[in-house]
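Report on the structure given below.
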Amino acid sequence: MSDLRILLVTPPLTQLNTPYPATAYLKGFLGGRGYTHVTQADLGLELVLKLFSQAGLRRVFAAIEAGNFKLSDNARRMLRLQRSYLSTIEPVIRFLQNKDNTLAPRICHSRFLPEAGRFDNVADLETAFGSMGLTDQARHLATLYLEDLGDLIKETVGPQFGFSRYAEKLGMSATTFDAMHEALLAPTNLLDTMLLELADELVARVQPDVLGFTVPFPGNLYGALRLAGRIKEISPNTKTLMGGGYPNTELRQIREPRFFDYIDYLTLDDGEGPWLRLLEAISSELLGVSSSFNNNSAEQQSAANTQQLTAQTLQRTFLRNAAGEVEYVNHPHPDIPHPEVGTPDYSDLPLSEYLSVIEVLNPMHRLWSDGRWNKLTVAHGCYWKRCSFCDVTLDYISRYETAPATLLVDRIEQIIAQTGQTGFHFVDEAAPPLALRDLAIELLKRRVSITWWGNIRFEKTFTPDLCRLLAASGCIAVSGGLEVASDRLLALMEKGVTIGQVARVTDGFTQAGIMVHAYLMYGFPTETAQETVDSLEVVRQLFAAGIVQSGYWHRFSMTAHSPVGKNPAKYQVVAIGPEPGPFAWNDLWHDDPTGADHEQFGPGLAKALYNYLHSVALHEPLSFWFDFRVPKTTVSRHLIEQALQEPAKPDFAKQNQRLFWLGNAPELRQENGKKGPRAVLTFYEQAEDFEVTVPVALGEWLQQLLAGLTQDYDTKLLVKDVARSFPAGQSFERFLESPAWLLLREKGLLIL
């Protein structure tokens with residue numbers, strides 16, 4: 001057991017509705033390794049709550065009035081309405097925290113909220129939410145109200161502010177540290193001041209020996225470094241560490257010494273192993289300082305010990321050595337296996353304080369911003385790891401490891417007991433279908449009721465039966481990459497799917513009651529104007545068929561760690577910069593001489609998709625969305641319809657697949673009909689009862705089969721095993737085509 005006091009911080013800003021999971025993962029892991037004094041804090045949430053309070057807004061309005069800001073008409077209107085904002089801000093925050101839902105009628109049906117620019121294009125809320133969606137409608141209006149205030153802050157006292165992209169531009173494609181360093185040396189603005197006040201309070205309370213920052217996105221970097229700089233002022237002996245998605249992709253070649261004025265140690269890839277090595281070294285260093293009786297100052301002793309650290313067995317760690325140079329130390333330690341990372345620990349995060357906001361009026365889209373989701377990983381890395389646009393060479397993609405379903409459900413039960421929340425977001429790069437199958441069966445076996453969603457690949461392993469199993473285990477939504485809806489480009493991407501396959505998989509999810517979000521991409525190397533328009537037509541057909549409910553267009557970005565970035569000539573593009581610098585390096589500029597002018601398509605694609613995900617204008621010609629001439633689509637108007645009509649594999653051909661029954665054991669009775677005695681099996685299910693009638697010779701066999709499937713989730717009963725036990729004198733193949741069998745298949749008899 002260690003006496004080290006460790007503080008883990010998520011800097012502003014990631015999500016308002018739920019904690020980013022990195023600190024919870026690390027706290028859970030360290031707790032299992034004997035580090036019991038671990039505290040975590042989400043300073044993004046705390047900054048938002050401090051800012052969007054009556055006291056916080058008073059400071060905002062006072063700073064605007066005292067400053068020399070050139071105000072827009074919208075900002076001036078909001079200043080005139082400041083009394084209304086001050087009186088409504090705290091009730092609105094409580095409402096968005098689900099602490100006062102009785103406010104919903106006032107928000108919807110009275111002039112309760114002051115309205116500014118975000119309300120100008122408000123949707124038809126009755127159509128969007130219906131007569132029963134009052135709370136959701138109010139939450140959307142309250143979100144617009146907050147975004148109005150965010151716009152005001154960004155225009156005036158906090159130009160770097162953003163609810164999910166705080167100071168993002170400073171961290172994006174920053175090959176040098178100059179702009180960030182200049183911003184950090186500039187006088188603090190009001191938001192900086194508030195953030196540093198929070199840091200002072202937190203450090204005074206925890207008195208950490210070690211303070212670690214997770215920086216998942218470019219928008220977290222500025223806040224992390226601002227906070228780290230403050231820690232160096234008020235607690236110079238505290239060691240500062242940083243890791244996360246941004247360093248893992250952007251800072252792998254860092255040579256910038258000034259960065260280490262703020263951060264003592266920068267770790268790459270999964271943090272568990274590097275942190276163990278660092279904490280062991282820091283413990284030894286602190287012990288050495290405390291037992292030193294010579295005349296050296298603590299700073300001199302620390303500098304001497306830092307030199308020794310480079311000779312110790314650190315793992316995937318950057319530091320600044322005694323010569324003032326950046327050094328990378330990576331002794332060959334094994335990675336912590338995925339089953340040993342432990343259960344995320346959400347304790348000491350204020351789970352009841354997060355805000356459920358609704359930015360977009362789409363039930364699938366809202367999952368990212370509405371509701372409290374426990375984050376969990378089914379597997380480490382990606383089992384496919386071939387997509388040419390993806391950072392497949394990096395550890396978080398390339399090292400694929402799974403954990404047993406029993407262990408995952410153990411973790412799920414622990415998290416539910418700790419948080420009281422049963423919503424889970426599986427944050428895998430692409431959750432493996434067979435691992436999800438086993439997880440679903442284990443959840444059903446233990447009768448653990450959760451609601452979950454996650455990221456997948458639209459691959460054929462997701463059969464309609466597997467989709468139904470996942471839905472029965474609590475799955476409500478999946479997101480996956482369709483990328484460019486062109487079979488040529490999908491092959492070039494090595495995506496491993498076709499348009500027809502995506503259509504059938506998304507149809508299977510939709511038929512099972514699972515919402516589908518598609519990640520879409522435009523501007524992939526060699527993509528022509530014709531392919532871009534054809535891709536939009538495929539997307540239109542997917543939405544028109546009702547088998548995709550949500551989507552988002554991303555512009556292709558070439559990264560240094562992707563197959564395209566490593567071998568641009570193979571994809572007929574030319575890397576034109578930037579040259580690697582001493583700081584960040586990942587996003588690459590490129591020229592695509594054979595492709596279209598990708599930039600001009602962005603606004604039209606986004607506008608079309610926004611309307612499609614609201615079921616609007618699905619039958620407008622594609623040219624309607626663009627303000628320039630585009631080619632007519634060459635895609636058949638019935639492409640998706642025809643893909644969905646492809647015949648499925650018959651059940652008799654699934655001999656090596658497993659039978660699984662979602663229902664209850666039936667009651668058996670015999671009755672006489674016009675054609676003689678028949679066996680009748682009665683099923684009592686959640687929403688309805690139904691009966692299946694079969695020949696007497698099959699009645700007892702079928703009852704035993706289904707009763708066994710109901711009671712025994714561990715035995716894998718294959719179709720061929722069932723065929724061997726089928727009563728003699730009967731045709732098993734014919735039975736698999738009978739009305740009785742087809743009814744059972746409809747009601748929940750699955751072949752997996």
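All residue numbers refer to positions in the sequence shown, counting from 1.
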Using distance only, find each side-chain donor-acceptor pair of residues 431-441 under 3.5 Å and give its atom names and separation, not counting sequence neighbours.
none

Going by side-chain hydrogen bond (donor to acceptor under 3.5 Å, both in side chains), [X] matches just one of [options]. Which one?
| X | options | result |
| --- | --- | --- |
| Tyr25 | Thr377, Thr343, Asp345 | Thr377 |
| Lys232 | Asp264, Asp261, Thr238 | Asp264 |
| Tyr354 | Asn98, Asn17, Thr18, Asp42 | Asp42 |

Subject >> Arg446 and Glu413 ion-paired at < 4.0 Å >> reply: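 Between Glu413 and Arg446 there is a salt bridge, with a charged N closer than 4.0 Å to a carboxylate O.
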
**OP:** Salt-bridge test for Lys50 and Glu46: reply yes if a basic N is under 4.0 Å from a carboxylate O, no otherwise.
**Re:**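 Judged by the 4.0 Å cut-off on N to carboxylate O distance, Lys50 and Glu46 do not form a salt bridge.
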
Any donor-acceptor pair under 3.5 Å linking the side-chain atoms of [Y] with those of [X]?
| X | Y | value |
| --- | --- | --- |
| Glu429 | Asn455 | no |
| Trp452 | Ser473 | yes |
| Arg277 | Thr313 | no |
| Asp270 | His380 | yes |
| Asn321 | Glu327 | yes |

At their closest point, which heavy atom of [X] faces which heavy atom of [Y], and how far apart are they?
| X | Y | result |
| --- | --- | --- |
| Ala560 | Trp585 | CB-CZ3, 3.6 Å |
| Arg5 | Gln207 | NE-O, 2.5 Å |
| Ser53 | Gly56 | OG-N, 3.0 Å |

Original post:
Once you round to the nearest 0.5 Å, how far does CG of Leu43 lie from CG of Asn220?
Top reply: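 It is 11.0 Å, given to the nearest 0.5 Å.
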
Subject >> Inter-residue atom distance Ile397.CD1 - Cys390.SG, 0.5 Å rounding >> reply: 4.0 Å

Original post:
Within a strict 4.5 Å, meaning less than it, do heavy atoms of the Phe260 and Ile254 side chains meet?
Top reply: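 The answer is yes; the side chains approach within 4.5 Å.
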
Subject >> Min side-chain heavy-atom separation Ser235-Val203 under 4.5 Å >> reply: yes

Original post:
Do His517 and Tyr519 make the cut of ring centroids closer than 6.0 angstrom?
Top reply: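 So the answer is yes for these two rings.
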
Original post:
Would Phe424 and Trp373 count as a ring pair (Phe, Tyr, Trp, His ring centres under 6.0 Å) if you check the C-alpha gap in whole Å, the side-chain angles of each, and the deciding distance to 0.1 Å?
Top reply: CA-CA 5 Å; Phe424 284 81; Trp373 301 100; 8.9 Å; no

**OP:** Just jot down the salt bridge (charged side-chain N to carboxylate O under 4.0 Å, His left out) partners of Asp269, sequence neighbours excluded, or say none.
**Re:** Arg252, Arg316

Original post:
Would you find more than 12 non-hydrogen atoms of other residues, nucleotides or ligands less than 6.0 Å from Glu233 atom CD?
Top reply: yes

Subject >> Any donor-acceptor N/O pair, Gln418 side chain to Ser347 backbone, under 3.5 Å >> reply: yes

Original post:
When the ring planes of Phe177 and His181 are compared, do they come out parallel, tilted or perpendicular, using 30° and 60° as the limits?
Top reply: tilted

